[in-house]
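What you see below is based on every heavy atom in this structure, not just the backbone, and it leaves out hydrogens, waters and symmetry mates. First the proteins, then the strands, lettered A, B, ... as listed; each starts at 1.
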Amino acid sequence: MREFFLPVIHSALLSAGIMTEKPINIEQPADKKFGDFSTNIALLAAKECRKNPRELAQTVIEHLIFPKDTISKIEVAGAGFINFYLAPLFIMQSVEQVLFDGDEYGKGSIGKGEKAVVEYVSANPTGPLTIGRGRGGVLGDCIANLFDAQGYEVTREYYFNDAGRQMQILGESVRLRYMERCGKAIEFPATHYQGEYIGEIAELMYQDHGTALAESTEVPIFKKRAEEIIFASIRKTLERLSIRHDSFFNEHTLYMPDEAGITANQRVIDKLRANGFISEYDGATWFQTTKLGQEKDKVLIKSSGEPSYRLPDIAYHITKFERGFSMIVNVFGADHIDEYPDVVEALKILGYDTRRIKVAINQFVTTTVDGQTLKMSTRKGNADLLDDLIDDVGADATRLFFIMRSKDSHLNFDVELAKKQSKDNPVFYLQYAHARICSLLRMAQQEIGFDPASSPDRHLLQLLNSPAELQLGFALLDYPDMIKTSLRLLEPQKMVEYLHALAEFFHRFYQECPILKAEQDVAKARLFLSLATRQVLRNGFRILGVSAPESM
RNA sequence: GUGCCCGUAGCUCAAUGGAUAGAGCAUCAGCCUUCUAAGCUGAGGGUUACUGGUUCGAGUCCAGUCGGGCGCACCA
């Protein structure tokens with residue numbers, strides 16, 4: 001709706017001879033008594049125009065020219081707000097629009113012709129996914145959906161490394177458990193992976209090889225098998241949440257020489273050196289971030305000759321630019337907060353447009369059962385495994401709970417609440433609204449022969465003018481803006497809140513307005529409104545990756 | 001010590017710099033011979049951690065203080 005008001009206000013300012021640099025804000029007042037939309041332009045411009053805001057607002061109003069039958073009232077209020085009230089029929093035409101666009105309703109074209117890469121999860125295959133990873137996974141998936149809804153060509157990418165030290169330790173951990181299984185006495189270091197899954201992998205290898213590998217000190221065969229099994233389990237877990245990546249980028253490729261015999265990592269060093277940001281001391285190669293005002297330089301190549309994680313990270317991001325992505329989105333947890341600024345600095349030095357990079361960082365998750373906070377620990381127990389959580393509360397609740405709070409806030413995952421089949425549980429509240437509409441429509445087809453494939457005309461839409469109906473219709477009108485806002489903030493939580501409000505408005509409408517028992521035309525009009533609500537709920541659920549049950 | 005996030009009703013959380021700070025849960029009071037009561041309506045509940053500042057206007061921005069979380073490796 002911003003696009004609707006902006007040009008009209010802009011030309012009103014021009015024709016009224018009001019010159020201002022201030023932006024034209026279109027907002028929705030929290031309270032409907034201040035209109036459906038309002039602008040504060042008179043308040044903002046008052047000073048530079050040396051005029052009283054209310055007078056200025058009055059002048060603006062006199063020059064506003066809206067299309068016929070769209071606005072029912074315009075007024076100056078408060079200190080100088082201009083409030084707009086939409087005409088009921090204009091609001092209700094959203095019903096027509098929703099039904100016409102169907103699954104496409106709400107989609108936009110901000111990203112038309114642009115390629116976006118959204119990187120998320122990106123856990124190395126050292127163990128099963130934890131609940132904390134799950135939050136980032138769902139957040140990333142929803143963000144990818146939002147980009148997709150705005151016309152971006154989206155690649156969902158998973159970045160991983162099967163070469164580094166952690167993977168070496170993984171292989172060694174499995175080897176030790178295997179030896180143990182073969183009856184040998186072992187000493188299992190505390191630095192190694194303690195989880196039960198290590199023993200399970202060792203058991204599988206014992207079943208395949210018997211004791212044939214018992215004398216071997218070779219780690220790679222154990223590492224490789226562990227990686228295969230763990231990666232398969234990670235993908236299976238993600239699949240349960242409908243998270244599917246298009247691309248798995250192995251960090252290892254950055255260590256491989258190209259035709260000219262140079263690795264991507266080496267190219268980064270060369271270019272940074274040419275720009276004067278590389279120095280060598282203490283046997284290592286450093287990125288001179290002290291030149292950028294940081295306290296310490298950062299190691300790019302360790303004295304062992306191996307790159308530290310930062311170097312391939314920079315090289316990896318260069319591939320994102322080189323692969324033609326104009327929008328580069330990274331989703332990760334708060335524990336990686338210090339990871340990206342160095343990468344961005346390096347890319348800036350190398351001449352890349354880092355404004356194209358967006359980072360979404362999610363805060364941590366704690367789970368509570370019966371009000372007791374479970375301490376998350378990878379070392380002990382399975383209490384923090386994502387799979388166990390999905391077993392417990394289901395995929396829909398898992399997804400919705402992960403994104404129903406702002407990503408900047410710590411998430412308190414109440415397992416008991418997520419399992420509840422009542423209105424306390426936001427998942428059921430939302431899905432119940434959808435199921436209720438489905439049930440209503442089934443009944444309508446039987447009882448009054450309503451055809452959901454038909455479309456409403458102006459006459460029918462005019463019958464929808466009670467407060468509950470207008471509130472619901474207005475929410476439908478608002479959906480496209482909701483997608484834009486969620487995307488701009490990289491915050492699917494906005495969509496959850498919106499859908500919760502939409503469901504609430506529907507329940508209220510359902511309560512206050514008899515449908516099948518109403519006079520025939522009114523009944524039809526209300527059914528179309530219900531049908532459109534169902535469509536928007538579905539479209540929103542699709543963005544969030546939550547299912548839309550036909551009955552409950 | 002330092003970087004980032006958070007501090008809002010008893011609890012879990014909202015609020016693009018706007019108007020009287022809102023929902024849900026919990027508590028209390030109502031609404032089903034009627035389309036799914038897994039629902040709806042109403043009531044009570046607040047010095048937005050604290051102190052200053054910027055602004056016509058601050059929960060929101062800035063500075064500082066106090067609390068909580070996460071980082072601060074030649075791990076990723």
Side-chain angles (χ1 to χ4, degrees), chain A residues 25-31 33-34 38 40 43-44 46-47 52-53 77-81 83 122-124 126 160-161 164-167 169 251 282-286 294-296 298-310 312-313 333-339 341 361-364 366 368 371 404-412 414 417 420-426 428-429 431-433 435-444 447-448 468 481 485 488-489 493-494 496-497 500-501 503-504 506-518 523 526-527 530 551-552:
Chain A
N25 297 321
I26 307 297
E27 32 193 77
Q28 282 187 40
D31 193 328
K33 77 178 180 197
F34 298 123
S38 74
N40 62 354
L43 286 158
L44 295 179
K47 200 173 218 176
N52 170 309
F81 293 98
N83 296 340
S122 293
N124 282 340
T126 57
F160 74 103
N161 172 22
R165 209 184 92 190
Q166 294 305 316
M167 290 299 291
I169 294 174
E251 179 186 321
D282 294 347
T285 302
W286 302 77
Q294 295 193 27
E295 279 184 28
K296 282 179 66 182
K298 302 290 169 58
V299 171
L300 291 182
I301 300 179
K302 301 184 255 180
S303 54
S304 67
E306 291 170 302
S308 79
Y309 70 90
R310 259 183 212 94
D313 239 22
D335 53 336
H336 288 237
I337 188 77
D338 285 337
E339 187 170 316
I361 294 170
N362 64 279
Q363 296 296 318
F364 271 25
T366 51
T368 60
M404 71 185 205
R405 302 293 180 226
S406 154
K407 63 182 187 299
D408 293 329
S409 293
H410 287 240
L411 174 65
N412 207 326
D414 185 335
L417 178 60
K420 247 187 199 171
Q421 313 241 325
S422 75
K423 70 171 176 179
D424 322 356
N425 184 342
F428 281 85
Y429 187 81
Q431 293 184 327
Y432 177 60
R436 204 176 203 187
I437 296 171
C438 290
S439 164
L440 172 68
L441 290 167
R442 278 191 298 269
M443 197 75 80
E447 306 273 317
I448 64 171
D481 280 351
T485 302
R488 182 168 49 81
L489 303 173
Q493 179 244 349
K494 301 288 170 210
V496 180
E497 293 234 319
H500 196 275
E504 183 183 329
F506 176 76
H507 288 310
R508 184 173 300 152
F509 155 73
Y510 183 91
Q511 196 77 26
E512 289 181 12
C513 304
I515 298 169
L516 300 181
K517 294 180 175 52
R526 286 176 178 169
L527 284 165
S530 305
S551 64
M552 290 172 73

Students often get this wrong, so: under 4.0 angstrom with heavy atoms, is A:Glu27 touching a base, only sugar-phosphate, or nothing? base
B:rU51 versus B:rC66 - spacing of their C1' atoms, nearest Å: 11 Å
Classify the nucleic acid contact of A:Ser38 as base, sugar-phosphate or nothing, counting any heavy atom under 4.0 Å across all strands shown. base
Do A:Ile437 and A:Tyr510 have side chains that get closer than 4.5 Å, going by heavy atoms? no
Rounding to an integer number of angstrom, what distance separates B:rC32 and B:rG44 when you compare their P atoms? 24 Å
Distance-only, no hydrogens or angles: does the A:Asn124 side chain make a donor-acceptor pair with backbone N or O of A:Asn161 under 3.5 Å? yes
Between atom NZ in A:Lys47 and atom P in B:rU54, what is the gap in whole Å? 12 Å
Whole angstrom is fine here: how far is it from CG in A:Asn362 over to P in B:rG69? 18 Å
Strand RNA chain B as a dot-bracket string - pairs counted if Watson-Crick or G-U with both distances under 3.5 Å, | where the partner lies in another strand: (((((((..((((....[...)))).(((((.......))))).....(((((..]....))))))))))))....
Heavy-atom side-chain proximity of A:Leu440 to A:Leu527 below 4.5 angstrom: yes
Short question: side chain of A:Ser439, backbone of A:Ala435 - any donor-acceptor pair under 3.5 Å? no
Would you indicate what A:Ile26 reaches in the nucleic acid, counting non-hydrogen atoms under 4.0 angstrom: base, sugar-phosphate, or nothing? base
For A:Leu43 and B:rA58, give me the distance from atom CG to atom C1', rounded to whole Å. 15 Å
Euclidean distance for P, B:rC13 against B:rG7 (whole angstrom): 10 Å
I'd like a list of close polar pairs between nucleotides 29-35 of chain B and the protein, N/O only, cut-off under 3.5 Å.
residue, atom, partner, partner atom, Å
B:rU34, O2', A:Lys517, NZ, 2.9
B:rC35, O2, A:Leu516, N, 2.9
B:rC35, N3, A:Ile515, N, 3.2
B:rC35, N4, A:Tyr510, O, 2.5
B:rC35, N4, A:Cys513, O, 3.2

Is it true that a side-chain atom of A:Ser38 and a backbone atom of A:Phe81 form a donor plus acceptor pair closer than 3.5 Å? no
Residues in side chain to side chain contact (heavy atoms under 4.5 Å, CB included) with A:Phe34, at least two apart? A:Pro29, A:Asp31, A:Asn83
May I have the distance from A:Tyr429 (atom OH) to B:rA23 (atom P), rounded to whole angstrom? 12 Å
A:Thr485 side chain to A:Asp481 backbone, donor-acceptor under 3.5 Å: yes
Student check: side-chain heavy atoms of A:Ile361 and A:Ile337 closer than 4.5 Å: yes
Just how far, in rounded Å, is C1' of B:rA15 from CD of A:Gln493? 10 Å
Sort me out a list of protein N/O and nucleotides 73-76 of chain B N/O pairs below 3.5 Å, or just none if empty.
residue, atom, partner, partner atom, Å
B:rC74, O2, A:Ser303, N, 2.6
B:rC74, O2, A:Ser303, OG, 2.7
B:rC74, N3, A:Ser303, OG, 3.3
B:rC74, N4, A:Asp282, O, 2.7
B:rC75, OP2, A:Lys302, NZ, 2.6
B:rC75, O2', A:Gln166, NE2, 3.4
B:rA76, OP2, A:Tyr309, N, 2.9
B:rA76, O2', A:Asn124, ND2, 3.4
B:rA76, N6, A:Tyr309, OH, 3.0

Would you measure the distance from the P atom in B:rC4 across to the matching atom in B:rC75 and give it in whole Å? 25 Å
With RNA chain B as reference, determine whether A:Leu411 or A:Arg442 sits nearer its 5' end, using the nearest nucleotide of each. A:Leu411
Rounded to whole Å, the CG-C1' distance (A:Leu417 to B:rC13) equals 12 Å
Using a heavy-atom cut-off of 4.0 Å across all strands, would you classify A:Leu44 as base, sugar-phosphate, or nothing? base
Which heavy atom in A:Pro307 sits nearest to a heavy atom in A:Lys302, and how many Å separate them? O-CE, 3.6 Å
I'd like to check the side chain to side chain contact (heavy atoms under 4.5 Å, CB included) partners of A:Ser303; sequence neighbours left out, ordered by chain and number. none
Does A:Asp414 reach the main-chain N or O of A:Leu417 with its side chain, forming a donor-acceptor pair under 3.5 Å? yes
Walking RNA chain B from its 5' end, the first of A:Met552 and A:Arg405 to be reached, judged by nearest nucleotide, is A:Arg405
For A:Phe34 and B:rA19, do the ring centres fall under 5.5 Å apart while the planes stay under 30° apart? yes
Pair A:Arg436, A:His507: side-chain N/O donor-acceptor within cut-off below 3.5 Å: yes
Within the structure provided, determine whether A:Asn25 and A:Leu44 are in side-chain contact (heavy-atom separation under 4.5 Å). yes
Could you tell me how far B:rC72 sits from B:rA63 if I compare only their P atoms? Round to whole Å. 25 Å
Indicate, with a heavy-atom threshold strictly under 4.0 Å, whether A:Ala433 touches base, sugar-phosphate, or nothing. nothing
In whole Å, measure the gap between the P atoms of B:rU48 and B:rC40 for me. 30 Å
Provide, to the nearest angstrom, the distance between the CG atom belonging to A:Asn412 and the P atom belonging to B:rC25. 18 Å
When the P atoms of B:rA23 and B:rU65 are considered, how many whole Å apart are they? 37 Å
Sugar-phosphate, base or nothing in reach of A:Asn83, heavy atoms under 4.0 Å: base
On a whole-Å scale, what distance lies between the P atoms belonging to B:rU27 and B:rA21? 27 Å
Pairwise side-chain contact, A:Tyr429 with A:His500, heavy-atom cut-off 4.5 Å (strictly under): yes
Aromatic stack A:Phe364/B:rG69: centroid gap under 5.5 Å, interplanar angle under 30°: no
Between CE on residue A:Met552 and CD on residue A:Gln431, distance to nearest 0.5 Å: 5.5 Å
Are any protein N/O atoms closer than 3.5 Å to N/O atoms in nucleotides 3-6 of chain B? If there are, list each pair with its distance.
residue, atom, partner, partner atom, Å
B:rC5, O2', A:Asp408, O, 2.4

Rounded to whole Å, please give me the gap between CD in A:Glu504 and C1' in B:rG22. 11 Å
Check every strand shown and say whether A:Ser406 touches a base, only sugar-phosphate, or nothing at a heavy-atom separation below 4.0 Å. sugar-phosphate
What is the glycosidic conformation of B:rC66: syn, defined as within 90° of 0, or anti? anti
Is the shortest side-chain heavy-atom distance between A:Tyr309 and A:Glu339 below 4.5 Å? yes
